[in-house]
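Quick notes on the structure that follows.
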Protein chains: 2
Amino acid sequence: MKGITKKEKFLATTLQLIHEKGFKATTLRDIAQKLNFEVANVYNYIDSKQALLEAYLFDISDEFHRAQDRIISSTYSPREKLRRMIASYIQITAKRPYEQALLVNDWRNLKEPRRQEFVKRRKDYEDKLMAVLQEGVDQGQFRALDVELTTHTLLASLRWLYKKHIEEAKAINPVEIEKQLTDFIFSGILKN
Amino acid sequence: MKGITKKEKFLATTLQLIHEKGFKATTLRDIAQKLNFEVANVYNYIDSKQALLEAYLFDISDEFHRAQDRIISSTYSPREKLRRMIASYIQITAKRPYEQALLVNDWRNLKEPRRQEFVKRRKDYEDKLMAVLQEGVDQGQFRALDVELTTHTLLASLRWLYKKHIEEAKAINPVEIEKQLTDFIFSGILKN
DNA sequence: GTCTATAATTCGATAGAC
DNA sequence: GTCTATCGAATTATAGAC
């Protein structure tokens, strides 16, 4: 924990508290108390509570989108595209678990018109993933599954992973996580 | 919408609002406004906002536990136990999607000691599911997977389903949902 | 069951001195 | 950057009349 700026410490503390209690339930006084200073000092680091939420939410969201776009614009097969999308999803989650938690749990607290913007962007992400699945089904790489249902199920099976990174005491092996989740999504749990 | 009592209408409206905005962000004034009466009237139906949360959360939670316990105490194989646990999970979700949403999204708002109690009960549920998976691996029905990771992934792949029931305009086919999700979990998405 | 009125508290945010 | 002081608004909850 050396060489971290006060602002970084502020943000790390804030994200941790929000993860535990939720954005709305985490007061600026909670944050100040944990950092051993008074409430007014919070405004040395942020413009407003809402601005903090928006900045982090759209920043991590953008990272997911950029990774997805890079893969989609490649010439890989649907199966390989999906494999890489899963891998990059896991990688971003491992790097920024608390921001992923914010993304999953607290987007409802966005105010209009930002909330609507967020929902639209999320649907874009889902639609792009769905297109890859549909392509894979059409090409016979994937089973004749319900593409819309499977898209949401697949994303849900990845979306919980930030908890493991936050809660796990011992360091986790990212390569093994990726193998396990990819195997689960590609092959399920039954033994052949 | 015939023959529904005022209390039922109150509760349905409340759960819908909480689903949209979250428990903490949904004020008693929001609820009163949607029902076209004043705030004080809310207390004709509940003792407190916290009591409402606790009652619904533990009630739906109990239903999940009871269904799980019935299946676990049977003599079915691990594979068949899991199949039935998935089916009952989907059935409860279909029957009570808004309460499931509360369970998934708003348990953080419980206050101690109820919050700790909830977390403990949820871990019990996960552990029982994990035991079935472990048994299935030991008996060679399931692959040699990471049982702990897979337990959480499997649950996550079911936990989003309430959204479909809430948002879907047209009626959905529960039999088909069950088939799709069971196939996903058992066999993944790859074509053999 | 419905209302008005209000208590008691909490919260986000600002002003201004050091 | 840190503090004290405070404002204005919002929220849960209660009292009591109709």
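Letters A, B, ... are given to chains in the order of the sequence lines, protein chains preceding strands, and every chain is numbered from 1.
- A distance-only check finds a donor-acceptor pair linking the side chain of A:E112 to the backbone of A:Q116 [under 3.5 Å].
- For A:N41, counting side-chain heavy atoms from C-beta on, the closest listed nucleotide (C:dC11, D:dT4, D:dT2) is D:dT2.
- Sequence order on DNA chain D of the closest nucleotides to A:R29 and B:I46 puts A:R29 first from the 5' end.
- As rounded to whole Å, 11 Å separates atom P of C:dC3 from atom CG of B:L35.
- Closest contact between the side chain of B:S48 and the listed nucleotides D:dA13, C:dT2, C:dC3 involves D:dA13.
- A sub-4.0 Å separation between OP1 or OP2 of D:dC3 and a side-chain N or O of A:Y43 is absent.
- Comparing atom distances between the A:N44 side chain and each of D:dG1, D:dT12, D:dC3 picks out D:dG1 as nearest.
- Cation-pi geometry between A:R159 and B:W160 is not satisfied (NZ or CZ under 6.0 Å from the ring centre, within 45° of the ring normal).
- Between B:D47 atom CG and D:dT12 atom P there is a gap of 15 Å when expressed in whole angstrom units.
- Between A:Y89 and A:F64, the ring-plane angle classifies as tilted under the 30° and 60° cut-offs.
- For B:A40, taking side-chain heavy atoms from C-beta onward, the closest of the listed nucleotides C:dA5, C:dT2, C:dG12 is C:dA5.
- Listed nucleotides D:dA13, C:dG1, D:dT4 differ in distance to B:K49; the shortest reach to its side chain belongs to D:dA13.
- In this structure, B:I31 places its CD1 atom 17 Å from C1' of C:dG1, rounding to the nearest Å.
- Computed from coordinates, the A:L28 CG to D:dA9 C1' distance equals 15 Å when rounded to whole Å.
- With respect to B:D62 and B:R121, a salt bridge is recorded, a charged nitrogen being found less than 4.0 Å from a carboxylate O.
- Among the protein residues, B:F10 comes within range of no part of the nucleic acid, since none of its heavy atoms lies under 4.0 Å from any strand.
- When the P atom of D:dT4 is taken as reference, atom CZ of A:F37 falls 13 Å away, rounded to whole Å.
- Remark: C1' of D:dG16 and CD of B:E38 are 16 Å apart, rounded to the nearest angstrom.
- Atoms NZ and CD, from B:K81 and B:Q141 in turn, are 10.5 Å apart once rounded to the nearest 0.5 Å.
- Straight-line distance from the NZ atom of B:K24 to the C1' atom of C:dT10: 9 Å, rounded to whole Å.
- A straight line from CG of A:L52 to P of C:dA13 spans 10 Å, rounded to a whole angstrom.
- Across D:dA13, D:dG1, C:dT4, the shortest atom-to-atom separation from the side chain of A:K6 is found for D:dG1.
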